Amino acid sequence: MAELRFPDGFLWGTATASYQVEGAVREDGRGESIWDRFSHTPGKTFEGQTGDVACDHYHRYPEDVEHMARMGMNAYRFSVAWPRIFPEGKGPVNQKGLDFYRRLVDALQGRHIQPCLTLYHWDLPQALQEKGGWDNRDTGRYFAEYAHTLYQALGDRVPLWITLNEPWVAAILGHAFGQHAPGFGDFPLAMRVVHHLLLAHGWAVEAFRHDGPRRAQIGITLNLSPVEPATGKEADGQAADLADRFTNRLFLDPIFRGAYPELPDLMRSALPQATPEEMERISTPVDFLGVNYYTRQVVEADPQGLYGVGMVPARGDLTEMGWEVYPQGLYDLLIRVHREYHPQAVYVTENGAAFADEIQDGEVDDPRRIAYVREHLSRAHAAIGAGVPLKGYFYWSLMDNFEWAFGYSKRFGLLYVVPGSLERVWKRSARWYAQVAQANAVPL
Ligand SMILES: OC[C@@H]1[C@@H](O)[C@H](O)[C@@H](O)c2nc(CNc3ccccc3)cn21
C-alpha cells in the first residue's frame, strides 16, 4: 500500500490545555483563574458553560494516558494551570498542585510517552489580574518564577517546554476584542500586553538557560496563518501584508529577529517603547518553534475594516468553527517560517478540526476528520522533504473539551466525550491516527 513514511523518532501526539480538560477547579488548593472568572460571567460563553468539571481529566488522567498509549502515541502536549502551583500567582508553592503534574508525568513516562509541557495556556491566576494582569510588567516576573519552580520540580522528566501558547490570542482576543478572558476591549492595552507577554517569554527562557534542565528544550507556540489577498489588486496585496504583520510577524519578528515589524503609526505607537535590552531578552534564542495551524486568512482592502483590512468570509469546505479546510496552508506556512526565520526545529503543536460528530450505537464515524488529518499530514511530509526541520505533530485535541467561548458545543477530539458520564469513546479518526502513529507513516 502507498504510504508517506515520516523520519525515525518523529513525535506523534495529541494536545490539550489545563482549563479545557482538567475540571476540579477548587480541588487541592487550586486558585481562581481569569477563565474561571470569565466563564462564570453571564453572556461570555455558550449557554454560560464553564470549565468547572470539563473532562474531569484531573481525576481521569490515568484512563486518558491509557487511551494515548493504546493509540501508540509517543508524545503528549498539555498545559500546567498556574493557579494550581501558585493559587495567588506568587508566594508559597501549592505542593498538592505540583503533585498532580508529577503524577501525570509519571503516568506518561510509564507508558513511554514524552511530555511536552506548556507553561501558559491562558489561565492566569485571577489574583494577578487584580494587580493589572499582563498590563503589569511584574506579571512577567512572576511568570518566570512560576516557570523556574516547574523547571526544578519536573525538569529532568520533561523534554519539551513551551513558554506561552498563542500570545497573540491571549493579547488580542483577551484585551482588544474582549472575546476571551479577561474580556477587555482596549487596543492600546492589548498592544502593551503583546510586549509584556514577550518579555515574560524572554524571562522564562533566560531562567531555563540559567538553571533549567540541561537535556530539555524550550520554545514558544504561535498561532500562524498564511494571509492571502482576495485579488491581485495592489490594495488587497497591501491589506494582506498588513494583516500578516499584525498577526504572524508581530511575534515572529521580535522572537527571531529581535525587532517588531514595521506597523501603521497608530498600531506602532500603542506598543511600549522597547529598549534594546528588552528586545535582546525577547529574542533569547529558543530551541524550537511550535506552530498552531488551522486555516488560512483571505483579506481584502476594506475602508470599514480594522486598519482598512477586511476578512473575506471563508468559503468551500468549512469546519464547525467556520474555518476553511486548507491543507496547502500548512505547507506554505512551514516553508515560509523555515526560509525566513530559520528555527532550529519546528513542531506542529496544534492542528485539528471540529465537525458535527454524532454517536450512534457507541460508534462515531468521522470521515471528514480523517480526511482533514491525512491531507495536513501529507503537506507536513512534503515540508519535511523540502528541508523543514519538522520533528513532531500534535493533533488538537485528544478529546472533546471546553472550547473557550463556544463551551462544549464544538468537538475537536479524537475521543468523543459523552455529556454527563464524560465517558471517552474512540472516534474512527482515533483508530486511523493510531495506525499512523504505530506505522510512523500515513496511508494514502
Ligand atoms: O479552537 C481550537 C483550539 C483551542 O481549543 C486551543 O486552546 C487554542 O490553542 C487554539 N488556537 C487555535 C487557532 N487560533 C485561534 C484563532 C482565533 C481564535 C482562537 C484561536 C485553535 N485552537
Side-chain angles (χ1 to χ4, degrees), residues 13-22 33-35 38-39 44-46 49 51 54-55 57 77-81 116-124 162-181 183 190 197 219-227 243 246-248 250-251 289-299 306 311 313-314 318-326 329-330 333 347-355 357 369 372-373 376 393-415 417:
T14 60
T16 66
S18 43
Y19 189 74
Q20 296 182 266
V21 299
E22 289 180 0
S33 77
I34 57 173
W35 265 97
F38 189 77
S39 64
K44 300 298 183 186
T45 64
F46 174 75
Q49 293 174 350
C55 307
H57 180 68
R77 176 179 177 236
F78 63 97
S79 79
V80 172
C116 174
L117 187 156
T118 304
L119 287 161
Y120 184 70
H121 202 124
W122 307 347
D123 42 357
L124 183 73
I162 292 166
T163 55
L164 305 174
N165 178 74
E166 300 192 346
W168 187 92
V169 173
I172 306 303
L173 294 201
H175 298 82
F177 300 163
Q179 294 159 329
H180 278 201
L197 281 169
I220 187 170
T221 278
L222 302 178
N223 54 294
L224 300 173
S225 278
V227 185
F246 179 56
T247 54
N248 302 316
L250 187 61
F251 287 90
L289 172 65
V291 172
N292 286 359
Y293 174 75
Y294 287 86
T295 191
R296 65 171 170 175
Q297 297 175 59
V298 179
V299 303
L306 184 69
M311 307 291 287
L318 305 184
T319 73
E320 284 295 293
M321 297 297 281
W323 300 344
E324 180 189 6
V325 177
Y326 189 69
L330 178 59
L333 177 66
Y347 291 89
V348 173
T349 38
E350 285 178 32
N351 174 243
F355 292 114
D357 301 326
R369 185 169 288 104
Y372 181 99
V373 180
H376 284 82
Y393 174 91
F394 294 84
Y395 175 79
W396 183 272
S397 178
L398 168 68
M399 60 185 140
D400 300 335
N401 59 51
F402 179 76
E403 181 49 39
W404 307 113
F406 293 93
Y408 301 94
S409 66
K410 307 297 181 190
R411 294 179 176 275
F412 279 86
L414 295 174
L415 303 181
V417 176

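Since the model is a prediction, treat every value here as computed from it, not as a measurement. Both backbone and side-chain heavy atoms feed into the values below; hydrogens, waters and symmetry mates do not. Whatever order the structure lists ligands and atoms in, that order sets their numbers, starting from 1.
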Every residue of the protein that comes under 4.0 Å of ligand 1, judged on heavy atoms: Gln20, His121, Trp122, Asn165, Glu166, Val169, Leu173, Asn223, Asn292, Tyr294, Trp323, Glu350, Trp396, Glu403, Trp404, Phe412

For Glu350, salt bridge (Lys or Arg N to Asp or Glu O under 4.0 Å) partners two or more places apart: Arg77

Non-hydrogen side-chain atoms of Leu222 and Val291 separated by less than 4.5 Å: no

Residues forming a ring pair (Phe, Tyr, Trp, His ring centres under 6.0 Å) with Phe402, sequence neighbours excluded: Tyr19, Tyr408

Donor-acceptor pair, side chain of Arg411 and main chain of Val417, under 3.5 angstrom: yes

Qualifying residues under side-chain contact (heavy atoms from CB on, under 4.5 Å), relative to Tyr347, sequence neighbours excluded: Leu11, Leu160, Gln217, Phe288, Thr349, Lys391, Phe394

Flag, side chain of Trp168 to backbone of Phe246, donor-acceptor distance under 3.5 Å: yes

